[in-house]
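Residues take their numbers from the sequence shown, with the count starting at 1. Read the numbers this way: they start at 1 and go in the same order the structure lists the ligands and their atoms.
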Amino acid sequence: MVAYFAQHGGEHHALYDAPPTRITSSLDTHLARPMMKKELEATILAACPTLYRHDRPRFRDLRFECGDGWYELVLAISRLLEAEAQRLQQLQQLRPRKRIRVGVVKEELGRLVFGYEGHVTDEAYTAIEALEVRSTLACDLCGRPGERRGGSWLTVRCDAHVEHERRTLL
Ligand SMILES: [Zn+2]
């Protein structure tokens, strides 16, 4: 990585010296990371009060970093963790530090990555993993059946959105 920057240092300067208008808005939109709509995110947080209670301040500005098409998957995983969180809470009021924390939730290489820490049952772990895998088959913009596309930039898109993006980029 260091070698890369040393080798291409000059090009980097050239990029930043160039006027910002050289990046077209359509390309910008295409490359922008999808973020879940605030309303949908709020619905998920409200549906899982135990899981997200402590994290609320941290989540004020952190949205689920995936498109609205994965709303159902993020909700389903959150519900599984909510059940785990409630179970833990009943089990050990004594050790309140032992709880489930949700970390980064994002799209990565065309797959939903739901970061969390804390002890969950094997059943919940397996179910969550299956839901993450299912994201590779659902357009992350609309949730319709899709597949992973692209070379170095993998995203899951349905045929309709691939066509839409192709036209937008022309
Ligand atoms: Zn779609």
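Taking 4.0 Å as the cut-off between side-chain N and carboxylate O, Glu39 and Lys37 do not count as a salt-bridged pair.
Under the 4.5 Å side-chain criterion, counting only non-hydrogen atoms from C-beta, Leu137 is not in contact with Glu147.
A distance of 12.5 Å separates CZ of Arg87 from OG1 of Thr50, quoted to the nearest 0.5 Å. Arg99 contributes atom CZ, which lies 11.0 Å from atom CG of Leu88 (distance to the nearest 0.5 angstrom).
Atoms of the protein (N, O or S only) found under 2.8 Å from the Zn ion (ligand 1) are Cys139 SG, Cys142 SG, Cys158 SG, His161 ND1.
Within 6.0 Å of the CZ atom in Arg144, the count of heavy atoms belonging to other residues, nucleotides or ligands does not exceed 12.
Panel note: side chain Arg111, backbone Ser135; no donor-acceptor pair is recorded below 3.5 Å.
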